[in-house]
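Note on naming: letters A, B, ... go to the chains in the order of the sequence lines (proteins, then strands), and numbering restarts at 1 for each one.
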Amino acid sequence: MRNVIAGIDFSAPAHEVAQLLIGTVLLVDGVGGRIVETEAYDREDPASHAFSGPTERNGAMFGPPGHAYVYRSYGIHWCLNFVCREDGHGAGVLIRALEPLAGLERMQQRRDTSDPRLLCSGPGKLCQALGVSHAHNGLALAAPPFSLSARVAPAPLVTGPRIGISKAIEVPWRFGLAGSRFVSRPFR
DNA sequence: CTTAGGATCGCCT
DNA sequence: GGCGATCCTAAGC
């Protein structure tokens, strides 16, 4: 049971973990908020970075579950994933949006905006707001600087196709907190 | 509100 | 050498 963090078993399939993460609170050095949007990248998934096997970049996805996988996107942004599964083939959950709750001032400085809806409404944005970078790749989510807190009650979910990919575009593995104003894009 | 284009560079074929 | 699990801005309707 050492893969359980915030009441979630990270050795479960990514598309299950992605749903359970909605409503939990993620902090990095005390800055963060409620997870309101995730995407699953399971094994055998052509859209996953881990699909073609381990490489130098995706190595963290083949490491222990419950750890961070951080990669650079478009040469500019950082994106944060939670590693899932224990069966030898990497999988993960992309954290796409947070509802800002803690460290608002720090996030506003890093993002250069005071609009709370623009602080963490996208995978690149939330990494900038929380100060996540390659330095966090491979770190355990159960220890500082990370903190993941269990949600109080089950979260009402909405689902849809994943964003920004060209393979397996029909798989409905994007999950959101129903009614949240802090998602990266509306759910249809 | 929706769409289009540019920035920018590490990773993989 | 091509192409992104993105973001921002500007322009069009």
Just how far, in rounded Å, is [atom2] of [N] from [atom1] of [X]?
| X | N | atom1 | atom2 | value |
| --- | --- | --- | --- | --- |
| A:H77 | B:dG6 | NE2 | P | 16 Å |
| A:I163 | C:dG4 | CD1 | C1' | 15 Å |
| A:L80 | C:dT6 | CG | C1' | 15 Å |
| A:R185 | B:dT2 | CZ | C1' | 10 Å |
| A:I165 | C:dC3 | CD1 | P | 17 Å |
| A:H49 | B:dG10 | NE2 | P | 15 Å |
| A:F51 | C:dG4 | CZ | C1' | 17 Å |
| A:E37 | C:dA5 | CD | P | 16 Å |

- Item | Watson-Crick/G-U partner (both atom distances under 3.5 Å) of C:dA5 | none
- Query: Applying a 3.5 Å limit to both distances, which nucleotide forms a Watson-Crick or G-U wobble pair with B:dT8?
  - Reply: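 Answer to the pairing question: none, since B:dT8 forms no Watson-Crick or G-U pair.
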In terms of side-chain heavy atoms of [X], which of [options] is nearest?
| X | options | answer |
| --- | --- | --- |
| A:S48 | B:dA7, C:dA5, C:dG4 | C:dA5 |
| A:S166 | C:dG4, C:dA5, C:dC8 | C:dG4 |
| A:T55 | B:dC12, C:dC8, B:dT2 | B:dC12 |
| A:R72 | C:dC8, C:dT6, B:dG10 | B:dG10 |

With a non-hydrogen cut-off below 4.0 angstrom, is [X] in contact with a base, only sugar-phosphate, or nothing?
| X | value |
| --- | --- |
| A:I76 | base |
| A:R111 | sugar-phosphate |
| A:R57 | sugar-phosphate |

- SB check A:R162 A:E39 (cutoff 4.0 Å):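 Result for this pair is no, no salt bridge flagged.
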- Item | Whether A:N137 side chain and A:V70 backbone form a donor-acceptor pair below 3.5 Å | yes
- Query: Does the gap between the ring centers of A:Y41 and A:H49 come in under 6.0 Å?
  - Reply: no
- Message: Check for me: is A:Y74 stacked on B:dA7 by the 5.5 Å centroid and 30° plane-angle rule?
- Response: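 The ring of A:Y74 is not stacked on B:dA7.
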- Query: Does C:dT6 have OP1 or OP2 sitting under 4.0 Å from an N or O in the side chain of A:R96?
  - Reply: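 A:R96 to C:dT6 OP1/OP2: side-chain N or O found under 4.0 Å.
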- Message: Can you tell me if A:K167 touches the phosphate of C:dG4, counting only side-chain N or O atoms and a distance under 4.0 Å to OP1 or OP2?
- Response: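 For C:dG4, OP1/OP2 do not have a side-chain N/O of A:K167 under 4.0 Å.
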- Test side-chain contact (heavy atoms from CB on, under 4.5 Å) applied to A:L157 and A:L177, step by step: CA-CA 5 Å; A:L157 294 182; A:L177 178 63; 5.8 Å; no
- Just wondering, more than 12 heavy atoms not from A:R72 lying within 6.0 Å of its CZ? yes
